[in-house]
Amino acid sequence: MSATATKDYSLTGVDTEAAFDRGLAEAAWFRPPIDPDRLAELQQRSNGRAAVELVLWLVLLLGSGVLAVWLWPTPWAILALVAYGALYGGSADARWHEMGHNTAFKTQWANDAVYRLSSFMLWREATVWRWSHDRHHTDTIVVGRDMEIAFQRPTSRRQILKTFSGIGAISFWPRIWLHATGKRDAEVETFMPESQWPTVHREARQYVIIQAAVVAASLALWSPLPLLLVGLPTVYGMWLMVFFGITQHAGLQENVLDHRLNTRTVYMNPVFRFLYLNMNYHIEHHMFPTVPYYNLPALHREVRAYLPEPLPSTGAAYRQLLGAMKTQRSDPTFELDRPVPDVPDADRQPISIAGNGPVAVRNGDTIQVSTLGLEIGRVRRVDVGSDSYAVFRLGPDDYAVTDGFCTHGQAHLADGVVLDCSVIECPKHNGRFDVRSGQPLRRPVTVALGTYRTELSDGGRTIGFRPG
């Protein structure tokens, strides 16, 4: 395909095959060095911080909705609906995103409950978009692999206006209706496991039933208020979601394996950061998706020296991205090429940053690993020749050993986060495994890890395991 040929952004076209041929699909990505102990601190989740910001958002959402009803049908109701729509169809996107990563709350049912609520508010099928967003993190802005490339080239003014106006949200309904009728579409089939399709069909039917009930309520009351409060805010409030979301990737490079080249970090004011849940630190989020949103500013300070210069304001980000998109209308091959600090092998640096971890030696058929410095609830990488393992300390004399790399993509589990001394979360796309059995626990991983029986020796100062 020539450099000037039109790209096929679908997940079933020629660019999908090209992504594999070029080594861009499920590949290793650049990540900057960071102290493993500091990263482990930043990966910790808190119910308190997430609950406070969630309650504040819900109070503002419900308050503006009640105010709109109270003021209806005076012109003042329009102002209340503008605020309600921005919180409903706009700021819900940040809640959907963080809860979908399961990193906001330490308690997982809380993440899931808010994720399902915000999914409906945005007309996003919960299961479909869980898997779609996992693909987005696995193959970020890789043409033919990433369904979430919002501004495809060349981007017309009409497309930008359509997206900001919220009309684009209506385009979700043909797919919802298709799934509600028990059918499938080819694009979603490229990333959706067979076992998940019954759930997809059930969720789509629920969306249709709920939205139909709201329409019926509006007709019965002969009032637009029910629709203005449930359904239409997805349309008239979508502008805020786009206002933030367009700053993430628009105008930057496609088909690269370095988030510094295809993603932006933008400094924003405290109000914007609350509405957007710190996703303005978007390079950092893509590099370390296991870090919850409230720790992203601290993460930014840790890796700042390895990143391109952050945009100083939202206005500066818009000047950059709109200028790039204007040029791309006449030259779709144009890409912003921002200078990045020189880091050796940045284009294809393995994702692992934990170093070699504990000292390991081979003793016949057994690999002996020092346990010194490995704290309870932590994981370290062990490389022996061409083989790599993850060693976990689960209790005072309780250890587990698994294969080192995630079965879904090029990510070493030693860079992930250990949850409840029993689960490892992948650092690339938040997939999870049981460290004792190796069984997959959370999408997108579906293939089990290899696990190895361990034996304590030398008074507990080393453990041994037999690979193969």
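The chain is numbered in sequence order, starting from 1. Remember, it's a predicted structure, so these values are computed and weren't measured experimentally. Below, each value reflects all heavy atoms present in this structure, side chains not excepted, and no hydrogens, waters or symmetry copies.
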Next item on the list: Quick one: list whatever passes side-chain contact (heavy atoms from CB on, under 4.5 Å) with Pro292, sequence neighbours left out.
Entry: Arg45, Thr103, Tyr294, Asn295
Next item on the list: State, with a plain yes or no, whether a side-chain heavy atom of Val188 is found less than 4.5 Å away from one of His179.
Entry: yes
Item checked: Glu53, His285, His101 screened by side chain to side chain donor-acceptor pair (under 3.5 Å) with Tyr293, the one that passes -> Glu53
Check: Between Leu321 and Thr247, is any pair of side-chain heavy atoms under 4.5 Å apart?
Finding: yes
Let me have the donor-acceptor pairs involving side chains of residues 306-318, under 3.5 Å, with sequence neighbours excluded, atom names and distances please.
{"from": "Glu309", "atom 1": "OE1", "to": "Arg304", "atom 2": "NH2", "distance (Å)": "2.9"}
{"from": "Glu309", "atom 1": "OE2", "to": "Arg304", "atom 2": "NH2", "distance (Å)": "3.1"}
{"from": "Ser313", "atom 1": "OG", "to": "Ala316", "atom 2": "N", "distance (Å)": "3.1"}
{"from": "Tyr318", "atom 1": "OH", "to": "Phe243", "atom 2": "O", "distance (Å)": "2.7"}

Next item on the list: Go through the side-chain N and O atoms of Gln328 and Thr155 and say whether any donor and acceptor fall under 3.5 Å apart.
Entry: no
Notebook entry, point to check: If you measure from the Lys or Arg side-chain nitrogens to the Asp or Glu carboxylate oxygens, is any gap between Arg378 and Asp37 under 4.0 Å?
Noted result: yes
Note to self: Among residues at least two apart in sequence or on other chains, which ones pass side-chain contact (heavy atoms from CB on, under 4.5 Å) with Arg184?
What the structure shows: Glu189, Glu194, Trp197, His201
Next item on the list: Tell me, please, which residues at least two apart from Gln248 pass side-chain contact (heavy atoms from CB on, under 4.5 Å).
Entry: Tyr276, His282
Checklist line | Carboxylate-amine/guanidinium contact Arg442 Glu425, below 4.0 Å | finding: no
Next item on the list: Taking Arg436 for its side chain and Ser422 for its backbone only, find out whether a donor-acceptor pair lies under 3.5 Å.
Entry: no
Note to self: Within the 4.5 Å heavy-atom criterion, are Met325 and Ile246 side-chain neighbours or not?
What the structure shows: yes
Under 3.5 Å, side-chain donor or acceptor atoms of residues 165-177 against the rest of the protein: list the pairs with distances, not counting sequence neighbours.
{"from": "Ser165", "atom 1": "OG", "to": "Leu161", "atom 2": "O", "distance (Å)": "3.2"}
{"from": "Ser165", "atom 1": "OG", "to": "Lys162", "atom 2": "O", "distance (Å)": "2.8"}
{"from": "Ser165", "atom 1": "OG", "to": "Ile167", "atom 2": "N", "distance (Å)": "3.4"}
{"from": "Ser171", "atom 1": "OG", "to": "Gly168", "atom 2": "O", "distance (Å)": "2.4"}
{"from": "Arg175", "atom 1": "NE", "to": "Asp185", "atom 2": "OD2", "distance (Å)": "3.1"}
{"from": "Arg175", "atom 1": "NH2", "to": "Asp185", "atom 2": "OD2", "distance (Å)": "3.1"}

Notebook entry, point to check: By ring pair (Phe, Tyr, Trp, His ring centres under 6.0 Å), which residues pair with Phe392, not counting sequence neighbours?
Noted result: none
Checklist line | Set of ring pair (Phe, Tyr, Trp, His ring centres under 6.0 Å) partners for Phe20, sequence neighbours left out | finding: none
Margin query: Give me the atom names and distance for the closest heavy-atom approach of Tyr207 to Ala126.
Written below: OH-N, 3.6 Å
Item checked: Side-chain (Asn111) to main-chain (Phe105) donor-acceptor, under 3.5 angstrom -> yes
Check: Hey, does His249 have a side-chain heavy atom less than 4.5 Å from the side chain of His286?
Finding: yes
Checklist line | Backbone of Pro297 reached by a side-chain donor or acceptor of Glu284 within 3.5 Å | finding: no
Notebook entry, point to check: Taking only residues two or more places apart in sequence, or in another chain, which ones meet Glu41 in a salt bridge (Lys or Arg N to Asp or Glu O under 4.0 Å)?
Noted result: Arg38
Item checked: Residue list, salt bridge (Lys or Arg N to Asp or Glu O under 4.0 Å) with Arg153, at least two apart or on another chain -> Glu254, Glu335
Notebook entry, point to check: For Pro467, what residues pass the side-chain contact (heavy atoms from CB on, under 4.5 Å) criterion, not counting sequence neighbours?
Noted result: Arg362, Ile367, Tyr389, Tyr452, Phe465
Note to self: Strictly distance-based, threshold 3.5 Å: is any side-chain N or O of Asp139 a donor or acceptor partner for the main-chain N or O of Val142?
What the structure shows: no
Next item on the list: Decide if the gap between the ring center of Tyr267 and the ring center of His300 is smaller than 6.0 angstrom.
Entry: yes
Note to self: Run the salt bridge (Lys or Arg N to Asp or Glu O under 4.0 Å) test against Arg116 and tell me which residues pass, sequence neighbours left out.
What the structure shows: Asp112, Glu203
Note to self: Could you tell me if Glu148 and His133 have a donor-acceptor pair between their side chains, going purely by distance under 3.5 Å?
What the structure shows: yes
Next item on the list: Could you list the residues that satisfy salt bridge (Lys or Arg N to Asp or Glu O under 4.0 Å) with Arg319, not counting sequence neighbours?
Entry: none
Check: So do Trp129 and His97 actually touch side chain to side chain, heavy atoms under 4.5 Å?
Finding: no
